[in-house]
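First comes the structure, then the notes that go with it.
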Amino acid sequence: GKATSSTSSKSSSSSEALSGKVTAVGSTALQPLAAKAGANFQSKNSKVNLTVQGGGSGTGLSQVQAGAVSIGNSDIFAEEKDGIKADKLTDHKVAVVGMAPVVNKDTGVKNLKMAQLKQIFTGKITNWKEVGGKDQKIVIVNRAQGSGTRATFENAVLKGATAIKSQEQDSNGAVQKIVSSTPGAVSYLAFSYFTNKLQAVSIDNVTPTDNNVENNKWKIWSYEHMYTKGTPDKVTAAFLKYMDSKTVQDSLVKDMGYISIHDMKVTKDAKGTVTQN
Amino acid sequence: MNAKRKDFVATVMINLIVAAVVGILVFLLTYILVAGLPHVSWTFLTGTTDAFSGAGGIGVQLFNSFYLLVLTMLISIPISLGAGIYLAEYAKDNWRTSLIRSAIEVLSSLPSVVVGLFGFLLFVVKFKIGFSVISGAIALTFFNLPLLTRNIEESLSAVSSSQREAGLSLGLSKWKTEIGIILPVALPGIVTGVVLSAGRVFGEAAALIYTAGQSAPVTNFGDWNPMNADSPLNPFRPAETLAVHIWKINTEGLATNAAALSAAASAVLIIAVLLFNLSARLLGNYLYRRVTASK
Amino acid sequence: MEQTNFQLKKQDVQSNEWSARLHHATRATREDWLGRGISYLCIGVIILVVASMLWFITSKGLATFTQNHVNVWQFLTGTNWSPDTGHIGAAPMIVGSFAVTFAAAIVATPFAVGTAIFMTEISPNKGRKLLQPVIELLVGIPSVVYGFIGLAVVVPFMRHLVGGSGFGIISATFVLFVMVLPTITSMTVDSLRAVPRHYKEASLALGATRWQTVSRVILRSATPGILTAIIFGMARAFGEALAVQMVIGNAAVMPKNLISAASTLTSQLTSGIGDTIDGTLPNNALWSLALILLLMSLFFNALVRVIAKRGQLKHER
Amino acid sequence: MLKQYSFEKTAVQTFDDSVSLALKTDNLQVFYGANHAMHDANLEFPKNQITALIGASGSGKSTYLRSLNRMNDGIATVTGKIWYHGVDINEPDVNIYEIRRHIGMVFQRPNPFAKSIRENIVYALKANGIKGKDELASRVEKSLKGAALWDEVKDNLEKSALSLSGGQQQRLCIARSIAMEPDVLLLDEPCSALDSISTVKVEETLLELQKKYSIIIVTHNMQQASRVSSQCAFFHLGHVMEYTPTATMFSNPQIPVTQDYIAGSFG
Amino acid sequence: MLKQYSFEKTAVQTFDDSVSLALKTDNLQVFYGANHAMHDANLEFPKNQITALIGASGSGKSTYLRSLNRMNDGIATVTGKIWYHGVDINEPDVNIYEIRRHIGMVFQRPNPFAKSIRENIVYALKANGIKGKDELASRVEKSLKGAALWDEVKDNLEKSALSLSGGQQQRLCIARSIAMEPDVLLLDEPCSALDSISTVKVEETLLELQKKYSIIIVTHNMQQASRVSSQCAFFHLGHVMEYTPTATMFSNPQIPVTQDYIAGSFG
Ligand SMILES: Nc1ncnc2c1ncn2[C@@H]1O[C@H](COP(=O)(O)OP(=O)(O)OP(=O)(O)O)[C@@H](O)[C@H]1O
Ligand SMILES: Nc1ncnc2c1ncn2[C@@H]1O[C@H](COP(=O)(O)OP(=O)(O)OP(=O)(O)O)[C@@H](O)[C@H]1O
Ligand SMILES: [Mg+2]
Ligand SMILES: [Mg+2]
């Protein structure tokens with residue numbers, strides 16, 4: 001759609017009807033939330049035409065930078081991506097997502113040390129029995145290079161080490177299915193994709209829960225961003241404001257298994273430095 | 001007797017092959033139908049999707065799939081017809097023609113995501129058409145053109161040349177002969193091409209994600225004026241198709257019953273394809289009989 | 001008798017009226033111009049589409065070499081694919097695509113041709129009424145569904161059958177085989193049906209068995225059509241991503257054997273493209289994969305065409 | 001081995017000014033690529049007569065006939081002149097569609113369109129701008145009567161033409177041609193696929209038609225040539241060897257090659 | 001309108017025991033789906049003679065002929081018995097390939113394979129397991145001589161069969177058939193696409209061949225029937241109306257329908 005948006009003031013005495021076009025493109029992880037919020041927003045502002053599409057964080061950032069869309073959805077800080085001039089973009093954090101390692105149920109592993117996890121993903125440990133599980137080969141399922149989830153995971157777990165070459169999938173759904181059906185499989189997923197068919201793994205006996213994310217006891221988490229280029233226009237600003245409102249943050253965000261930005265007790269910056277609020 | 005034994009062996013082999021193929025087909029179809037049909041209900045068929053979890057009905061997506069198909073065919077059939085006629089009738093048998101043929105075939109080997117991105121950058125972004133049915137239809141046309149063109153060309157040139165001579169000897173133009181006399185006879189073959197490419201349209205996801213989009217805005221099925229923004233016929237609205245919906249549920253869907261939803265949607269899709277194929281054949285046969293006056 | 005020279009006859013004098021009549025453009029002439037115009041236009045549109053796709057992919061795909069100054073040879077032969085760290089060796093994907101496409105075409109062809117023979121020569125009735133609709137149905141199943149069925153059925157099956165994780169070229173081949181089967185079969189059926197009937201009769205009347213007739217007369221004269229069918233099948237296999245990606249293991253490493261994880265050009269491209277930024281090396285590298293794919297498919301096309309020319313039989317319609 | 005006959009010795013008649021000609025060719029030559037299939041054919045076809053072209057298989061009869069209404073365009077290279085109403089219709093700028101309207105053609109194998117009987121006739125009429133239900137219906141009736149087919153099909157005009165018997169199909173093709181009201185009708189072995197009854201019918205039709213049309217017919221059947229034609233041209237290996245009144249040709253052939261052919265003793 | 005003739009009144013000869021028969025049908029009926037195309041045909045074909053089948057288009061001649069070597073399998077339903085060497089070859093368990101080897105067939109339109117002349121003949125031989133260069137070469141020569149084609153093609157055996165003239169192609173098809181050394185040769189209007197010279201050649205070939213083979217030929221051409229055949233069967237609307245020695249049929253037809261047909265006055 002047109003990246004531009006126009007506001008026509010068909011003013012009544014009390015309120016001004018918003019109108020215009022907003023297109024948000026990018027992260028598939030953020031897409032359902034944005035879509036639902038967008039639909040709600042639109043039902044309140046019938047003159048607004050709001051489209052939310054996926055395409056991947058890279059696409060979102062590229063296109064918002066090019067001015068082709070009004071909002072670029074991303075799982076990742078713009079600063080983390082080469083080729084994106086982050087200073088030209090404005091970040092709007094709309095949710096926090098926690099991620100955890102998941103393993104196939106019959107590996108018999110429920111808890112891992114951070115170091116072990118790193119060794120597994122760098123290929124130093126290749127059998128579950130080395131970490132107290134069954135005698136079974138480890139099958140690593142990674143996320144696609146460049147994906148936000150992988151970046152978050154590698155920042156928190158590998159800390160600069162390179163993951164061993166392995167299977168790569170590009171969606172939570174595929175990972176979920178592969179891990180639950182492949183003996184010895186290990187990967188990582190956003191909390192909201194946990195099912196009873198796979199085993200979420202605690203790290204150093206910290207369980208992957210929202211609370212632990214909120215106080216940064218659980219280290220693997222990231223923001224969901226909505227980027228705009230320069231100052232957003234009126235409708236876009238109104239929508240972003242709506243995203244930050246209590247209505248969205250307290251119900252939609254939580255329903256979806258994400259963590260409200262309002263509940264966070266810490267802040268992380270693009271370099272990964274965490275500060276208490 | 002040797003030859004006869006070979007014949008027997010070959011027949012047995014072919015029957016085995018067919019049995020294997022049929023086995024695979026039947027397995028696939030039952031797998032999808034058995035998993036999906038129990039979850040299909042009227043509300044599922046007509047309801048709207050929850051943008052959030054992907055749960056809920058697939059009414060809009062179902063409509064979108066058909067609408068996109070119709071639009072795609074409206075664009076691609078005339079073009080491939082013209083191109084097929086060119087290849088069958090006007091093209092000389094030289095290197096230029098075979099270059100054209102190769103180029104067309106290469107087009108069909110491009111990954112859908114490439115075509116999708118091309119469509120995205122060109123139609124959605126550059127021409128500012130936006131995520132829309134029409135962008136999707138154009139992108140899908142790119143897939144359809146090779147197969148349809150080849151198919152139409154082959155169906156046309158399979159028609160006996162004596163029919164062509166008959167037309168020309170009456171002073172009919174080449175074009176009139178081709179359109180009025182050869183085309184009707186070639187119709188059944190062309191329907192095969194249409195059916196095959198329709199399948200591709202129904203099943204395509206990757207290209208549509210970037211062009212027709214992944215949202216199915218609730219449309220007003222009472223408003224059939226294509227000019228109106230929320231009319232289902234508006235070609236400029238984003239339109240998630242059933243295949244894209246299935247893809248979405250499977251990749252990022254959060255609904256607790258995602259597996260059932262996807263199975264049900266797949267089953268519905270198969271039935272939709274079946275219905276389309278059957279009606280395309282029926283229509284094809286009807287037209288064939290009409291234009292050729294055969295029983 | 002001697003030949004008489006041409007003499008002007010009475011009727012030749014009144015030529016003006018007829019000359020006008022026979023030189024005038026008529027409806028038919030105009031129709032022909034129109035028709036020519038339309039069909040040239042249509043082929044022009046297609047050429048334009050192909051050309052712009054080619055230009056699009058080529059310009060994006062060449063950026064890796066022109067802007068990022070990656071060595072073409074290293075790109076083609078390197079085995080380390082991690083664009084984020086600047087390593088872009090596409091050999092694993094080239095080998096993967098090559099293997100999967102060829103294997104699928106090789107496996108699918110006998111099945112498709114066998115089925116097509118059944119549908120045209122052995123049991124035309126059942127073929128037309130039952131097999132054809134069902135086969136055509138398969139084209140409409142979305143790739144994801146194939147992928148998940150592959151994941152749920154083929155991968156565990158292969159795991160039990162040959163060991164390993166079950167992900168690999170062999171599983172991908174199997175899934176692709178099912179996916180390209182409909183295309184190859186339907187198009188083969190069409191070309192078998194187009195073989196003139198009297199060819200078949202001539203052979204049968206000589207006491208040749210059905211198989212002899214099929215293998216030596218019918219298949220031979222349908223060869224060009226069958227090869228086209230295979231091209232289109234391979235094209236589909238080349239371009240397929242979603243399903244392959246789930247069952248091949250999608251790991252950018254040189255496949256060691258048929259059951260170790262591998263990846264294809266298309267699956268890497270599809271899974272990576274959304275997460276890269278326009279104009280950066282990782283993005284350009286993916287487009288280079290698309291370019292390779294294009295070139296490979298051009299090459300196969302030419303190859304099959306050459307084979308077709310060789311084996312072609314001239315026959316009247 | 002084929003006997004060698006000299007191509008120098010030919011016997012080709014011409015007509016004087018009192019005879020009006022329908023068509024005439026001047027040094028017509030036809031090449032299929034490098035294959036010189038027709039050498040210098042100089043023939044004159046009088047109006048309202050039937051001229052038969054005879055000769056062995058491959059002697060170039062069809063090649064010659066198809067050149068007359070430019071059906072060889074795009075297939076063969078045709079040089080020389082074809083005079084029709086004082087116009088050389090072998091010129092590139094001539095409107096070939098118009099020529100074919102005026103010079104109709106019927107082929108060896110009946111080739112009706114896969115349409116109804118009526119549509120077969122009406123299709124080309126409509127394409128040439130002839131409209132009006134009544135006009136069309138009367139043309140259909142007239143042409144079918146002209147081809148002696150009306151009685152057999154008048155109750156079934158909507159039936160598929162392909163359901164007719166071979167003989168009926170061929171007569172339909174003739175009807176289709178004469179519905180365009182051509183001047184000249186070219187027929188390439190129109191009876192070779194027909195049984196004797198149908199053949200007789202077609203021959204009767206031709207004899208009737210020559211009152212209105214000039215007819216040129218290729219035939220293998222010498223009896224047929226002698227039954228229907230006034231003039232007869234004998235082709236041999238791409239050369240017109242003899243062109244004389246039919247009676248002369250069969251009773252008193254002028255040159256050795258024709259004599260041998262008529263006697264059935266060459267080759 | 002077609003005149004109605006009674007199908008009750010037929011004149012079909014049989015032979016006494018002194019004549020040895022090549023083939024014989026007993027109540028042969030053929031159905032194309034619901035279309036009853038051939039009714040109760042009872043015909044006996046004597047050895048080493050030529051039998052002609054005549055009749056109008058659509059009367060069932062081809063249908064009958066094609067049933068004799070089971071070419072109608074899968075196309076039509078054929079009931080009744082076909083006796084060949086004392087075996088009913090219309091039984092389902094009979095090896096149809098063997099039958100077709102012994103009962104060869106030549107079609108109306110010459111249909112050589114798009115292979116070389118030699119390959120056309122060798123194809124079926126090889127398919128039947130005949131090997132050995134010399135054996136094959138001698139068979140090729142013998143059969144081409146048998147079909148009176150040898151002299152014309154002997155220097156060009158590797159040429160494509162499609163480059164031959166129509167008459168040559170048809171003789172090649174005959175050669176291809178007799179290379180299999182069949183007992184019986186079925187020919188369906190073998191000369192309808194041929195010029196008179198070629199026709200004469202083929203007829204001569206047939207007259208020669210009858211010394212070794214029994215021949216059944218469908219023809220539209222009554223002159224041809226009278227020239228080559230000893231027996232003649234007349235078909236009408238799917239019924240065999242008359243079967244008599246050829247001389248009798250043409251000079252003294254037994255029943256009204258044949259009389260009318262021979263006189264050229266029905267239909
Ligand atoms: N389309 C073609 N391309 C190349 N050569 C051709 C073509 N048509 C005919 N010829 C050649 O031209 C010559 C004359 O053929 P033509 O068909 O005119 O003979 P014809 O007298 O009509 O024979 P017939 O009685 O068999 O119909 C032959 O040598 C033939 O091989
Ligand atoms: N394959 C077929 N399917 C259905 N009906 C057929 C088929 N072939 C022939 N018939 C019908 O059977 C009848 C006899 O046809 P057949 O071909 O035997 O006639 P014929 O005597 O050989 O005629 P012709 O002289 O035209 O060759 C006709 O009514 C015809 O329509
Ligand atoms: Mg000819
Ligand atoms: Mg017949």
Side-chain angles (χ1 to χ4, degrees), chain B residues 3-4 6-7 10 14 17-18 21 24-25 31-32 79 82-83 85-86 90 98 100 102-114 117-118 142 145 147 149-150 154 158 160-161 171-176 189 192 195-196 199-200 202-203 205-206 243 246-247 250 266 270 273-274 277, chain C residues 28 31-32 34-36 38-43 45-47 49-50 53 56-57 111 114-115 117-118 122 133-134 136-145 148-149 178 183 186 190 194 209-212 228 231-232 235 238-239 241-242 266 269-270 273 290 293-294 297-298 301-302 305 317:
Chain B
K4 198 167 182 215
K6 262 194 210 149
D7 182 58
I14 288 176
I17 283 177
V18 172
V21 169
I24 293 171
L25 301 185
Y31 188 93
I32 295 170
I79 297 180
I85 290 179
Y86 171 83
Y90 295 111
S98 49
I100 293 179
S102 300
I104 293 177
E105 278 157 18
V106 165
L107 187 58
S108 79
S109 69
L110 290 178
S112 12
V113 67
V114 168
L117 281 169
F118 179 74
F142 289 10
L145 287 178
L147 200 107
T149 303
R150 264 321 275 255
E154 289 193 348
S160 157
S161 60
L172 298 182
S173 59
K174 267 189 175 179
W175 179 250
K176 189 97 192 170
T192 308
V195 161
L196 280 180
R200 192 87 198 256
F202 271 115
I246 294 171
W247 174 81
N250 274 309
S266 308
I270 287 206
V273 174
L274 182 68
N277 290 2
Chain C
E31 260 168 23
D32 214 33
L34 182 76
R36 215 171 254 273
I38 292 176
S39 64
Y40 276 65
L41 187 75
C42 291
I43 198 79
V45 166
I46 294 191
I47 291 173
V49 165
V50 178
M53 288 298 294
F56 175 72
I57 293 168
F111 280 86
T115 309
I117 292 172
F118 182 87
I122 298 186
V134 178
E136 282 162 358
L137 209 54
L138 292 186
V139 187
I141 301 177
S143 311
V144 238
V145 175
F148 283 119
I149 296 181
V178 179
T183 313
S186 317
D190 281 349
T209 60
R210 182 163 64 197
W211 175 242
Q212 285 166 338
T228 309
I231 293 186
F232 274 93
F238 257 130
L242 298 178
T266 315
L269 176 64
T270 305
I273 201 87
L293 190 77
L294 198 87
S297 113
L298 257 175
N301 233 297
R305 211 165 274 293
R317 294 275 184 195

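Below, chain A is the first sequence line, B the second, and so on; all start at residue 1.
Counting heavy-atom pairs closer than 4.5 Å to chain B, the top-ranked of the candidates G239(C), S143(C), G114(C), S186(C) is G239(C). The candidate with the highest count of non-hydrogen atom pairs below 4.5 Å against chain B, out of L293(C), L34(C), V144(C), is V144(C). Among the candidates L145(B), I100(B), L25(B), the residue making the largest number of heavy-atom pairs closer than 4.5 Å to chain C is L25(B). Counting heavy-atom pairs under 4.5 Å between each of A103(B), G189(B), S98(B) and chain C puts A103(B) at the top. When the candidates A243(B), A205(B), S173(B) are compared by the number of heavy-atom contacts under 4.5 Å with chain C, S173(B) comes out ahead. Ranked by heavy-atom pairs under 4.5 Å with chain B, the first of V178(C), V49(C), L242(C) is V49(C). Here I46(C) is the residue among V134(C), I231(C), T183(C), I46(C) with the most heavy-atom pairs under 4.5 Å with chain B. Interface remark: of the candidates W175(B), W247(B), F142(B), W175(B) forms the most heavy-atom pairs closer than 4.5 Å to chain C.
With a 4.5 Å cut-off on non-hydrogen atoms, I270(B) touches chain C through its backbone and its side chain both. The contact between L147(B) and chain C is made by backbone and side chain atoms together, counting heavy-atom distances below 4.5 Å. For chain C, the nearby parts of V114(B) are the backbone and the side chain; heavy atoms of each come within less than 4.5 Å. Only the side chain of A290(C) comes within less than 4.5 Å of a heavy atom of chain B; its backbone N, CA, C and O stay farther away. Residue N250(B) touches chain C through both its backbone and its side chain, counting heavy-atom pairs closer than 4.5 Å. Both the backbone and the side chain of L298(C) come within less than 4.5 Å of a heavy atom of chain B. When heavy atoms are compared at a cutoff of 4.5 Å, Y31(B) approaches chain C solely by way of its side chain, counted from C-beta outward. Heavy atoms closer than 4.5 Å to chain B are found in both the backbone and the side chain of D32(C). Contact of I122(C) with chain B is made through the side chain alone, with heavy-atom distances under 4.5 Å.
Under the 4.5 Å side-chain criterion, counting only non-hydrogen atoms from C-beta, F118(C) is not in contact with V21(B). For the pair V106(B) and V50(C), the minimum side-chain heavy-atom distance is 4.5 Å or more. Looking at heavy atoms from C-beta onward, I38(C) lies out of side-chain contact with I85(B) at the 4.5 angstrom threshold. Looking at heavy atoms from C-beta onward, L110(B) lies in side-chain contact with I57(C) at the 4.5 angstrom threshold. Residues L172(B) and E31(C) fail the side-chain proximity criterion, which asks for heavy atoms closer than 4.5 Å. Two residues are said to be in side-chain contact when any heavy atoms from C-beta on lie closer than 4.5 Å; L107(B) and M53(C) meet this criterion. Between V273(B) and V139(C), every side-chain heavy-atom pair lies at or beyond the 4.5 Å cut-off.
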- prompt: Could you walk me through whether I141(C) and I246(B) pass the side chain to side chain contact (heavy atoms under 4.5 Å, CB included) check?
  reply: CA-CA 11 Å; I141(C) 301 177; I246(B) 294 171; over 6 Å; no

task: Apply the test side chain to side chain contact (heavy atoms under 4.5 Å, CB included) to residues I24(B) and L138(C): give CA-CA distance (whole Å), side-chain angles for both, the deciding distance (0.1 Å), then the verdict.
output: CA-CA 11 Å; I24(B) 293 171; L138(C) 292 186; 5.9 Å; no

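Minimum interatomic distance between A158(B) and A194(C) (heavy atoms only, all atoms of both residues): CB-CB, 4.4 Å. When all heavy atoms of D7(B) and R210(C) are compared, the closest pair comes out as OD1-N, 3.4 Å.
With rounding to the nearest 0.5 Å, the separation of CD1 in I79(B) from CD1 in I43(C) is 11.0 Å. Of the inter-residue distances, the one linking L269(C) atom CG with L117(B) atom CG reads 7.5 Å to the nearest 0.5 angstrom. Taking CG of D190(C) as the reference point, atom CZ of R150(B) lies at 12.0 Å (rounded to 0.5 Å). For the atom pair OH (Y86(B)) and CD1 (I47(C)), the distance works out to 6.5 Å, reported to the nearest 0.5 Å.
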